[in-house]
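Both ligands and their constituent atoms are indexed starting at 1 by order of listing. We're numbering straight along the sequence, starting at 1. Note that the structure is predicted; figures quoted are calculated from it, not measured.
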Amino acid sequence: MTLYRATIVDTPRNPFDGDPADALQADQDGGLLVRDGIIIARGTFATLRAAHPREPVTELAGGLLVPGFVDTHVHYPQIRAIGGLGMPLLDWLERCALPEESRLADSAYAAAVADEFLDGLLSCGTTSALVFGSHFPSAMDVLFDGALRRGLNVTSGLVLSDRILRPDLLCSPADAMADSMALIDRWHGRGRLRYAVTPRFSLSTSDEILEVCGELMQGADVMFTSHINENLAEVASVAELFPGSRDYLDTYDKHGLVTARSVLAHNVHASDAELAVLGGNGAFVAHCPTSNSALGSGLFPLRRHVEHGVGVALGSDVGAGTGLFLPKEGLQAYFMQQLLGGDGLPLTPAHLLYLSTAAGATALGIADRVGDFTAGKEFDAVWLRPAAGTTYAVNLASAADIPDALARTFALATSSDVAAVWLRGEQVAVDSGRAVATS
Ligand SMILES: [Zn+2]
């Protein structure tokens, strides 16, 4: 067993239900007892030390120990395509994202991209992710293989499209079924891997492909993910392509794709009717703040989601998003709610930590294993500790209490402050140059 000593903070309760201050659990001099990757006990360091005087102690002095971040929407084939500014969604897809996605047809290219992507997640403290995959089965094999070797919680799937995109990214409904089934057989349930049925969006998928998706969802205990209501031009095109559908959500819902195992990205331009169906069906929405800002997609109506009982978590949406470090998404989400004025939902530090960790675990259906530090869960964690003398360090030292320290962390921390990461109790090498002392 190992006893970790740190300033420990997590959100075992949902701050959107009741007083946000009650959602935060924090110990200034806290302890976590971990055996075989599982948290056995949590409390103050003094209490746990008294009960376990002989166990080795890992001292994590300074900074904050938080649960590993959970990214609920991030595109693996776009890790080399970040920073294409100045375009709305459909232009950006055509000029920046899709040409790069085509290159993953080459397995060697895809393998290099998968390594960059997965190591990028870990170096940003992301330990679980719902990953928007590639259009090529061979590229999915290298992603799953890399995630399995690293011990990451990755849920992902082959991206399906049969119209509008470049021809090399299209597939037939028959191939969509056969290739998805083969990938589910090979990877779903291996280690911490799970499969997600993934039509790119209704714009590029006919009813035939969406019907295949419905059959795949019925045949296995897999997840579903796609895009929805991101951009007004996209919403208008979908309405033209599906004249018989009530709204954008209905294009998925009529094929049985809006369930408690569904995570839909964006939903910036949602109607009340769509929010009612999402809430009623227990589906989740991945809010992607830097992507929505970079593409000018709009200001996310978080308050209306919460009022309709729709669970929301954060996604980086790389490569439209501006990086993999999830606290940056938290800060941008906070900004956007401020800019919405009376329509916004003011976010506290507890909300930001919840949205970056436990909310994502809930959306991915893995909250029984990860997302907070409750005893019995797997020890996936990030130690954020700034280098001495940095503005972040100065502000942590000036913080009045842990919520204040957390607010300053969301304002100031970057991926260079990720001092250590653990996956199921195994410390991952991150390029921080800082060692963890064991006494
Ligand atoms: Zn996306």
Side-chain angles (χ1 to χ4, degrees), residues 70-85 87-102 104 113 117 120-121 126 129-135 139-140 143 154-161 164-166 169 196-205 213 223-235 237-238 248-249 251-252 257 262-270 283-298 300 312-326 328-329 332-333 336 360 363-364:
V70 183
D71 190 337
T72 61
H73 187 72
V74 55
H75 293 251
Y76 126 67
Q78 297 175 7
I79 193 67
R80 297 182 180 182
I82 298 171
L85 303 181
M87 287 165 272
L89 171 69
L90 300 177
D91 294 344
W92 178 82
L93 275 174
E94 193 175 316
R95 285 163 58 187
C96 292
L98 299 181
E100 174 65 12
E101 296 214 10
S102 290
L104 274 76
V113 168
F117 173 75
L121 289 180
T126 295
L130 176 55
V131 177
F132 222 87
S134 166
H135 289 265
M140 292 311 301
L143 175 78
V154 161
T155 302
S156 189
L158 182 69
V159 180
L160 307 174
S161 287
I164 291 179
L165 308 183
R166 304 155 62 94
L169 298 180
V197 175
T198 311
R200 185 160 201 119
F201 51 176
S202 294
L203 193 67
S204 68
T205 48
C213 293
M223 295 286 293
F224 173 80
T225 193
S226 193
H227 296 98
I228 191 165
N229 290 325
E230 178 175 2
N231 164 291
L232 290 172
E234 169 215 14
V235 175
S237 297
V238 168
Y248 200 152
L249 185 68
T251 64
Y252 300 126
L257 300 174
S262 305
V263 179
L264 289 158
H266 302 302
N267 214 29
V268 174
H269 305 285
F284 293 84
V285 165
H287 171 33
C288 307
T290 69
S291 167
N292 293 166
S293 303
L295 297 174
S297 300
F300 181 71
V312 173
L314 290 176
S316 65
D317 197 23
V318 158
T322 60
L324 294 168
F325 188 58
L326 220 53
K328 180 159 81 167
E329 299 301 328
Q332 188 70 18
M336 293 171 95
L364 269 60

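Around the Zn ion (ligand 1), the protein N, O or S atoms found under 2.8 Å comprise His73 NE2, His75 NE2, His227 NE2, Asp317 OD1.
Thr126 has its side chain out of reach of Val74: every pair of non-hydrogen atoms, C-beta onward, lies at least 4.5 Å apart. Residues His266 and Asn229 are not in side-chain contact: their nearest non-hydrogen atoms beyond the backbone lie 4.5 Å or more apart.
Tyr76 and Ser156 share no donor-acceptor pair across their side chains, judged by distance under 3.5 Å alone.
Each salt bridge (charged side-chain N to carboxylate O under 4.0 Å, His left out) pair with one or both residues in residues 92-101, not counting sequence neighbours, appears once here: Glu100-Arg103, Glu101-Arg200.
Listed by chain and number, the residues in a side chain to side chain contact (heavy atoms under 4.5 Å, CB included) with Ala333 are His287, Pro289, Leu314, Leu347 (sequence neighbours excluded). Every side chain to side chain contact (heavy atoms under 4.5 Å, CB included) that Ala294 has, sequence neighbours left out, goes to Leu85.
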